Amino acid sequence: MAKAALMDFDEALKLYEPVLGFEVHVELNTETKMFSPAGNPAHASNHDAAPNTLVAPVDMGLPGSLPVVNETAVRFSISLGLALGCQIAPSSRFARKNYFYPDLGKNYQISQYDEPIAFEGQVQVELTDGTVFDVPIERAHMEEDAGKLTHVGGATGRIQGAEYSLVDYNRAGVPLVEIVTKPIFGAEDRAPELAAAYVRAIRDIVLSLGISEARMERGNLRCDANVSLRPRGQEKLGTRTETKNVNSMRSVERAVRHEIQRQAAILAAGGTITQETRHWHEDTGTTSPGRPKSDADDYRYFPEPDLLPVAPSRELIEGLRAELPEPPTARRRRLKAEWGFADIDFQGIVNAGLLTEVDATVAAGASPTAARKWWMSEISRLANAEGVEPSSLVEPASIAALQKLVDDGTLTDKLARQVLEGVIAGEGTPQEVVDARGLAVVSDDGALIAAIDEALVAQSDVLAKIRDGKVQAAGAVIGAVMKAMKGQADAARVRELVLERAAAL
Amino acid sequence: MTDLTRLSAADLASQLSTGEISSVEATRAHLERIADVDGDVHAFLHVSDHALDVAADIDRRRAAGEHLGELAGVPLAIKDVLVTTDMPSTSGSKILEGFLSPYDATVVARARAAGLVPLGKTNMDEFAMGSSTEHSAYGPTHNPWDLDRIPGGSGGGSAAAVAAFEAPIALGSDTGGSIRQPAHVTGTVGMKPTYGGVSRFGAIALASSLDQVGPVSRTVLDSALLHDVIGGHDPHDATSLTDAWPSFAAAAREGASGEVLKGLRVGVIKELPDSGFQAGVSASFRGALALLEAQGAEIVEISAPHFEYGVAAYYLILPAEASSNLAKFDSVRFGLRVDVPGGTVEDVMAATRDAGFGDEVKRRIILGTYALSAGYYDAYYGSAQKVRTLIQRDFDAAFAQVDVIATPSAPTTAFKLGEKIDDPLQMYLNDVTTIPVNLAGVPGISIPSGLAEEDGLPVGIQFIAPAREDARLYRVGAAAEALLVDSWGGPLLDRAPLLGGNR
Amino acid sequence: MSEITPELVRHLGVLARIQLDDDEVERLTGQLSVIVDNIAKVSEVATPDVPATSHPIPLENVFRPDVVGQMLTVEQVLQNAPDAADNRFRVTAILGEEQ
Ligand SMILES: [Mg+2]
Ligand SMILES: [Zn+2]
């Protein structure tokens, strides 16, 4: 495959206006699938399921099988629609999207077509500098996921050149909500950044609703990015491409940037853009063409005769609206005001995706400054070293409890870090770790004085210097005392006592 | 000793309950009858090899004093469109040869739970597409009245099985007449329940918005008894109605007294003139109406102006839904696989579907694909769904005037095997009177009305009631049946030729 | 008004994944033309004011509680598989070489 020519990004922006569009698929974390009572692999209890062990007849299209709609999936979808600022359709229905593919047990996907459950919304997307951008939502509809294909043989394990493929229907029928934006204008040179921020905004909303684990690396959240360019001053939209398989926020940003540069190079050279799906390649940071749109994309949609309309009552919709969590953007604004951080500090928390953790830690009693410090430094460092999410290491309540031990003098900062390691290692609550490891600060002056006297006697030269007024020489004695106390002393108190004893001895 | 195969299910049930006979005896008698005559009739695609074990178990349970359902121990034939765990389910197609379902259709599970004894799986037009059972991939079924003639379709196997006394009752499915039209040509009874009255879970789908499972029998009461067993809400089928249904058997028993006919308003459709039917068919129909009238029924002419669009709408909706329902037969998870050396999975799918489907199935899949494809949807599928609304309105208007509607069940008596097989359009017109019933979702029953003068072959009369009024059909059907059987001096099937080597 | 052509029938065969040979295409073209001519009349009465009926008995909001129910065992899932490996269904390569 020839490497695509790219135009310099700034140059491309001078000549063309990028127009974006996104289709984000969210896997819901219901107990069961969209249309069957089989366990849902996107639910925490089923992560380790072996192939084809989460399958009911309809998931593999067995003859005679029928779908029945999962009530919780409908409620989750309505909540998501409301959180996206959408209107909820008084009546919506399912349709069959017909196409043959081995991962599709029935060879049609049950989706929604002309009557989606939610439509006409708007999502506030915050860029890294805090600028808020409104992304218009066209619709959000319910559908089912397909099974999983594994390609075997050939060089790469990719579909190209594979000898055969294996099909696992566990994922077939996982409830999905597909969120489709309207064309997004005006992002200009921040289009790549907006792409990532949009996906992050959807992820925040979904997480705040608790309706999906929203782990992109697991495919809980998948983004298809549409990009087109139109020459400056032209009204008509350009031809778009749809880049699939973009499974991290950083990749979404890179893919949009790449498509802008690639399309600009083609257009500037007098070429035309082919309307097609493209595949994103994480390793090379490039896209390659998939199947061009063709007659074979005639999906022959028709109303799903096995299912009835979904007609949520006003009471249900208003009840779910009343239960909605605070919108992430409003929440950020509120927390920033409450905590009083500088822009850069606050945005750092947001960009690290640790707002929820810091908020929960503050709610559990820690000061905002302490909570921020824990999550942004020590916990992030440990998580980074282990290659996991900070939130997976420790509960916010534990951090608040730990900070309380620091605040009341039981622990020094250094001791507290050791206690944190114990907590993460599963040794218990901070207090339990303190007790088990005997890590508390020695607050008994008697013990300290004994150690200080011993050190002053041993280092009589230092004692002399202190008495001569060279107070800074005390450091050596303090160090020795701290060492003798295995670090479990308050260094400031030790210093005070050293000066006292030096005078008294 | 009486020939147990000549008994109705109700009579078998009462003799089983008093201990006069055992289920093993009843089952053995039917298995022997199958062995005797099915070589000629070919009603069965598969005969159970453990029916006697099931029967013995029922006998044991009865002896132990267990409380069993009314039909416990009675043999049952099952149309091959219904999936069963203990017998193959092919829907009459090569593409499903040998397929063993890991689950039972709800109606089959309910029949088993009620103690019915499955005898085997009956023949049918491939995927229930047809009106003659000639489109079975496993060869046609023959009409017990004349082995050179068709037994109707798609459920020719179930109708022939009960007509040939191979089973007292059977399960069928009816998408456009597949229970009622075979009943018409075999002198038997068949009921298409209200859409949603009987679960479709485990019925291999033809057209989901039209399909209904229903009973096939020789008497109205037997259909009602079986309907009581299989009907009612099933959470596995979203289209299943949650209604509390009355006892259909009680309705049939009540109807047999004939009281229901006094003052019953019977609608006859103006737009289905006698000229549209074989002379002997309309004569039989008129004769039956006269008998009803003599008992106090009032015959009212009604208008159903949109019925003439019914067949056209049906042959758009059915192929469209079927083209999607049959997409699952693709060689990946079950059924036939035709290997294509060096081919992709797409090639394998296309070759498998070419080899595994018969001509009629391919014809309808292509037609349905066309009706749904971009640019044609509104003119075809969308318009057909509107015709459906118009036909429902015709029914609503009619039922404001009458209690039931009566029609001949089909335009002609049984035609010769092979006579219409190359003329799909002619074949499609067989269902002209039954199709509107499916399009509107209302119930319809066909019972024998007599023999056509010109060929001596059976004719059926169809009664149609408003949605959810299935019990009304059993009441009226049983009343009409009693009257007609009385007028013949015995059941119509007594006049059918004898079959089998040892007769 | 029939616009059924052999090319259209061949295309429909691709959409429906049925490999039709030339004889079948020719036969189906003729049969479908006759059938379509006869069923096209539905549009005569299907005026814009008539709503479509996709389901004969109107119901809505038919749901299932989100509770795990009966699932198939792996053996049941694979019991009719034409080919399987590693507890999964096996199919030949999905795309031709050139893609
Ligand atoms: Mg999409
Ligand atoms: Zn989708």
Side-chain angles (χ1 to χ4, degrees), chain B residues 99-100 102-103 194-196 209-210 235 238-239 241 306 309 311-313 315-316 323 327 330-337 340 343-351 353-354 357 362-363 365-367 369-370 373 379-380 382-390 392 424-425 428 439-441 467, chain C residues 3-4 8-9 11-21 24 27-28 31-32 34-48 50-57 59 62-65 69-70 72-73 75-83 89-97:
Chain B
F99 174 75
L100 268 177
Y103 74 102
T194 296
Y195 184 86
S209 72
L210 301 165
T239 62
L241 298 173
H306 298 99
Y309 298 94
V311 172
Y315 280 99
L316 286 163
S323 71
D330 66 355
S331 82
V332 174
R333 294 160 302 280
F334 40 74
L336 184 71
R337 175 178 292 185
V340 179
T344 64
V345 68
E346 292 88 346
D347 299 331
V348 173
M349 285 181 179
R353 288 163 64 77
D354 182 45
F357 289 142
K362 286 190 230 176
R363 188 150 53 225
I365 289 175
I366 296 294
L367 176 58
T369 303
Y370 172 65
S373 57
Y380 292 137
S383 294
Q385 298 284 47
K386 291 183 170 195
V387 167
R388 215 166 164 163
T389 308
L390 296 170
Q392 281 193 335
L425 205 61
Y428 295 171
L439 288 173
Chain C
E3 60 275 269
I4 309 287
L8 175 61
V9 170
H11 169 64
L12 294 169
V14 172
L15 279 181
R17 284 276 197 284
I18 302 177
Q19 190 190 306
L20 302 171
D21 61 34
E24 277 181 304
R27 194 167 62 246
L28 281 166
Q31 290 172 337
L32 292 187
V34 174
I35 295 169
V36 168
D37 282 347
N38 278 274
I39 58 186
K41 71 178 195 178
V42 289
S43 56
E44 289 169 18
V45 285
T47 48
V50 180
T53 294
S54 56
H55 188 270
I57 311 287
L59 297 173
V62 177
F63 300 129
R64 174 178 60 75
Q70 189 104 52
L72 301 169
T73 63
E75 292 70 33
Q76 287 176 319
V77 168
L78 298 172
Q79 121 187 8
N80 293 283
D83 191 10
F89 296 90
R90 183 153 75 168
V91 296
T92 187
I94 287 178
L95 297 172
E97 284 298 321

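Note that the coordinates shown come from a computational prediction; the quantities given were computed from them, not determined experimentally.
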Report yes if the side chains of [X] and [Y] come closer than 4.5 Å at any heavy-atom pair, otherwise no.
| X | Y | answer |
| --- | --- | --- |
| C/N38 | B/V311 | no |
| C/E3 | B/Y370 | yes |
| B/S209 | C/S54 | no |
| C/Q19 | B/R353 | no |
| C/V91 | B/R337 | yes |

In terms of heavy-atom proximity below 4.5 Å to chain C, should [X] be classed as side chain, backbone, both, or neither?
| X | result |
| --- | --- |
| B/L210 | neither |
| B/T194 | side chain |
| B/V332 | both |

Could you check whether [Y] and [X], counting side-chain N and O atoms only, form a donor-acceptor pair closer than 3.5 Å?
| X | Y | result |
| --- | --- | --- |
| B/Y103 | C/Q70 | no |
| B/T389 | C/T53 | yes |
| B/R363 | C/Q31 | yes |

statement: For B/V345 and C/T92, the nearest pair of non-hydrogen atoms, with its separation, is N-CG2, 3.4 Å
- line: Heavy-atom closest pair (C/H55 atom, B/Y195 atom, distance to 0.1 Å) is NE2-CE2, 3.4 Å
query: Just by distance, do the side chain of B/K386 and the backbone of C/V45 share a donor-acceptor pair under 3.5 Å?
result: no
- prompt: Can you list the steps and then say if C/L32 with B/I366 is a side chain to side chain contact (heavy atoms under 4.5 Å, CB included)?
  reply: CA-CA 9 Å; C/L32 292 187; B/I366 296 294; 3.4 Å; yes
- prompt: Among all residues two or more places apart in sequence or in another chain, which pass the side chain to side chain donor-acceptor pair (under 3.5 Å) test with B/Y315?
  reply: none
statement: Sorted by chain and residue number, the side chain to side chain donor-acceptor pair (under 3.5 Å) partners of B/R333 (sequence neighbours excluded) come out as A/Y169, B/D330
